[in-house]
Amino acid sequence: MECSGENPASDPQPESAPDEEFGTLKYQLLGPSLTKAGQDSVDQQKVSEIIYNASKGSKFFNHEQERDRNLTLKTERIVKEKARLERLDLNSELRRADEYLAELELSRDLSQHVIHVDCDAFFAAVEELDRPELKTVPMAVGKGVLTTCNYLARKFGVRSGMASFVAKKLCPQLVLLPQNYDKYTAKAKEVRAIMAEYDPLFESASIDEAYLNITAYCNENNLEPDEVVRRMRAEILETTKVSVSAGIAANAKVAKIASNLNKPNGQFQVPNEREAIIEFMRDLSVRKVNGIGRVFERELESIGVKKCGDIFPHRALLTKLFGEKAFQFLAQCYLGLGRTKIEPIETHERKSVSTETTFHDIGDKEELRAKLWWAAQELEKDLARTQFKGRTLALKVKLHTFEVLTRQTAPSRAVSLAKDLYYFALPMLAKLEKDIPNMKLRLLGLRCSNLVSTQKVGINFFGVVTPKPATEPTPVSASGVDTDHEICAEEAFEAAARQEIQDEMNDLEQLSQETPAVSVARRPEASADPEVVEAPPMWDCPICTRPQIADDRIFNEHVDFCLSRQTIREVVQDTSEETPLIPHNSRKRKMASQAGIPETDPKQKRLFFQ
DNA sequence: GCGGATCAC
DNA sequence: TATGGTGATCCGC
């Protein structure tokens, strides 16, 4: 599986190269999925030339170039630091590393059979089922950026994550299909139903990947792991018509690596023996390990670590060069250790909910507020679906130069409604506008973290819904059979989500009857196209002068907020040349006058974007 | 706790 | 002409 073309250092320079960074830059431009299967017969040299020329001069290219420069500088620092460390006495570091390796060795568990199952070119395969004629042509799924492509397309150097216009340069006859996520989800459900027969507590790693612990199945049926996997793959192919590849090993990490070795439609087993595992890892490129990406690969390469076997002779340096976590991770790579505990994804708690959208470069402030309002509405929907509120709200922007910035805040209470998300995010956006002259964005997103559950129904471990007090007992899942667990859980979640959306809509209806302004601001019929988003009606805040959602409660709360926050008062000073308005609420007017704001006509609130 | 960065899919 | 969205984790400060 070694592929010498992957080595950035061996990538010859083009004759016209003005400096030495193009080797690594071209490698970077090849994209993150270089190690994917189906690339063996590809002339990487030619491919990288085409990608390079297609990208050259673009803002994206310039940003990649900048990142490449920085990484090169970083690797140079690492090399120097390594040389410095090697002049010191490393015995204590060496001892510490060996102690850790010995400790890890004690934890080695060879009693389990873990498999990683991966659908081959999943989205493309599902599309081919609907349109068999696509099997004979190079084809990819995805619009601006490809999410998947079939193996015919890979022969041309086309890969997932590649911009579609670049893919078209590599393969002009490439057929591009829009992505149909619902279709893939339905097919994934069929595949999972079969996997559940082999391990009812299997773990979905993504829509097209899963980990299973088949130890019990092997014992109960008196079968060897490779035979079990052969049967399972055959059953999946027979029943669902999609082919899968699998890795079989003593733990998840090695199984994941192994599943890539005989793709497509193949399997690979690493025996549950210490020597065999260590030998397997020894010649394995570190890049094949899940968690080591293009950056870490280059950093490791700079100190001479290309294969997992190279980790051992460098063990005394790793903590100092890359940190304790990285050392521990690499130690596990060297020994071929990983987790054997496989558990359903429902058991692991979510840490954040987010949304983001890319658009044409926007510098106009009102347009940006419209995008923010769109993001707030999207996030509200996702928070309702997942039944969370956030105690922390983060704004993410990508400048037209592709530079990414994030700003976060802890609202006074957990938030989940679009107007609240907008209200707390807007000051962060405004501050960025103030700090960055002529700020132009190509992406804007919102993320809630520090989540608080708003779940009204309990779902226990086996996916059974605990009915709400005043409602009918839910009909979900009459079957107590283990093999149904995944599907039951899914249905339970869907039912819960539907109920929650219904509740939410009822609340909304009530709210809109009480305060008409809210129903105007929370226009639920927002356009489906983020490029033509409707902006909310806005009033200017009299304190900070920034536009706020035109809702009495929100507006008054905002003014309270402005009056109470020192940081906002600073903004008032900054914008003192503009005459702020006085709130129409008498209490607010009094507070404003105490804050030294001159009184003006309260009717002077105006609507933005209209 | 915040912001930047990396990684996977 | 033109390079995605969601979620997680780690590091340095």
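Reminder, nothing fancy here: chain letters follow the sequence lines and each chain counts from 1. Values below: every heavy atom of this structure, side chains too, minus hydrogens, waters and symmetry copies.
Listed nucleotides C:dT3, B:dC9, C:dT6 differ in distance to A:Glu356; the shortest reach to its side chain belongs to C:dT6. Looking at the side chain of A:Lys256, the nearest of the listed nucleotides C:dG7, C:dT6, B:dC9 is B:dC9. With C:dA8, B:dC9, B:dC2 as the choices, the nucleotide that has an atom nearest any side-chain atom of A:Arg350 turns out to be C:dA8. Comparing atom distances between the A:Gln408 side chain and each of B:dC2, C:dT3, B:dC9 picks out B:dC2 as nearest. The side chain of A:His348 approaches C:dA8 more closely than any other nucleotide in the set C:dA8, B:dT6, C:dT3. When each of B:dA8, C:dG4, B:dG3 is scored by its nearest atom to the side-chain atoms of A:Val145, the top-ranked nucleotide is C:dG4. Closest to the side chain of A:Val166, from the set C:dG5, C:dT3, B:dG4, is C:dT3.
In this pair, A:Phe60 and A:Phe402 present their aromatic rings perpendicular. The plane angle is above 60°, beyond the 30 to 60° band.
Backbone-only contact: A:Gly291 has heavy atoms under 4.0 Å from sugar-phosphate atoms and none from a base. Backbone-only engagement by A:Phe296 is indicated by non-hydrogen atom pairs under 4.0 Å involving sugar-phosphate atoms exclusively. Looking at heavy-atom distances under 4.0 Å, A:Ile207 makes no contact with the nucleic acid at all. Using a 4.0 Å heavy-atom criterion, one finds that A:Leu146 contacts no nucleic acid atom at all. At the heavy-atom level, A:Arg447 lies nowhere under 4.0 Å from the strands shown. At a threshold of 4.0 angstrom between heavy atoms, the contacts of A:Ser164 with the nucleic acid are absent. Contact annotation for A:Glu209: backbone-only contact, meaning every heavy-atom pair under 4.0 Å involves sugar-phosphate atoms and none involves a base.
Because its NZ or CZ atom is both nearer than 6.0 Å to the ring centre of A:Tyr211 and within 45° of the ring axis, A:Arg339 counts as a cation-pi partner of that residue. Remark: A:Lys183 fails to qualify as a cation-pi partner of A:Phe123 under the 6.0 Å distance and 45° angle criteria applied to the six-membered ring.
Take the nearest nucleotide of DNA chain B for A:Asp208 and for A:Arg67: the residue whose nucleotide is more 5' is A:Arg67. Comparing A:Thr392 and A:Glu403, the nucleotide of DNA chain B nearest to each residue sits closer to the 5' end for A:Thr392. Taking for each of A:Met162 and A:Glu349 the nucleotide of DNA chain C with the nearest heavy atom, the 5'-most of the two is the partner of A:Met162.
The two residues A:Ser302 and A:Thr75 come nearest to each other via the heavy atoms CB-CB, 3.8 Å. A:Ser48 and A:Lys26 get closest at one heavy-atom pair: OG-CD, 3.9 Å.
Look at CD on A:Gln179: it is 9 Å from C1' on C:dG4, rounded to the nearest Å. A:Lys168 has its NZ atom 16 Å from the P atom of C:dT1, to the nearest Å. Taking atom NZ of A:Lys320 as the reference point, atom P of C:dG12 lies 13 Å away to the nearest angstrom. For the pair A:Phe123 CZ and C:dG4 C1', the interatomic distance rounds to 12 Å; values are reported in whole Å. Summarising the geometry, the separation between CZ on A:Arg385 and P on C:dT6 is reported as 10 Å, rounded to the nearest angstrom. Protein atom CG of A:Asp382 is 7 Å distant from nucleotide atom P of C:dT6, rounded to whole Å. Spacing between atom CG of A:Leu446 and atom C1' of C:dG7 amounts to 15 Å, rounded to whole angstrom units. One can place CG of A:Asn53 at 16 Å from C1' of C:dA2, the figure rounded to the nearest angstrom.
Taking the P atom of each, C:dT3 and B:dA8 are spaced 23 Å apart, rounded to whole Å.
Between B:dG4 and A:Arg407, a contact under 4.0 Å exists linking OP1 or OP2 to a side-chain N or O. Listed pair A:Arg294 / B:dC7 fails the phosphate criterion, with no side-chain N or O lying under 4.0 Å from OP1 or OP2. The side chain of A:Thr358 contributes no N or O atom lying less than 4.0 Å from OP1 or OP2 of C:dT3. Distances shorter than 4.0 Å separate some side-chain N or O of A:Ser354 from OP1 or OP2 on C:dG7. Contact check, A:Ser352 against C:dG7: no side-chain N or O comes under 4.0 Å of OP1 or OP2. Between A:Asn70 and B:dA5 there is no side-chain N or O to OP1 or OP2 distance below 4.0 Å. A sub-4.0 Å separation between OP1 or OP2 of C:dA2 and a side-chain N or O of A:Arg442 is absent.
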Query - Trace of the salt bridge (charged side-chain N to carboxylate O under 4.0 Å, His left out) decision for A:Arg298 with A:Asp68 - result: CA-CA 10 Å; A:Arg298 272 195 59 195; A:Asp68 182 68; 2.8 Å; yes
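Remark: the A:Ser58 side chain and the C:dT3 base include no donor-acceptor N/O pair separated by less than 3.5 Å.
Judged by distance alone, with hydrogens and angles left aside, the side-chain atoms of A:Arg159 form a donor-acceptor pair with the main-chain N or O of A:Gly157 at under 3.5 Å.
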Give me, pair by pair, the N or O atoms of the protein and of nucleotides 9-11 of chain C that are less than 3.5 Å apart, along with how far apart they are.
| from | atom 1 | to | atom 2 | distance (Å) |
| --- | --- | --- | --- | --- |
| C:dT9 | OP2 | A:Lys351 | NZ | 3.2 |

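Between A:Phe61 and A:Tyr52, the distance from one ring center to the other falls under 6.0 angstrom.
For CZ of A:Arg447, the number of neighbouring non-hydrogen atoms (other residues, nucleotides, ligands) closer than 6.0 Å is 12 at most.
For A:Glu93, the side chain to side chain contact (heavy atoms under 4.5 Å, CB included) test picks out A:Leu90, A:Arg96, A:Ala316, A:Thr319, A:Lys320, with sequence neighbours left out.
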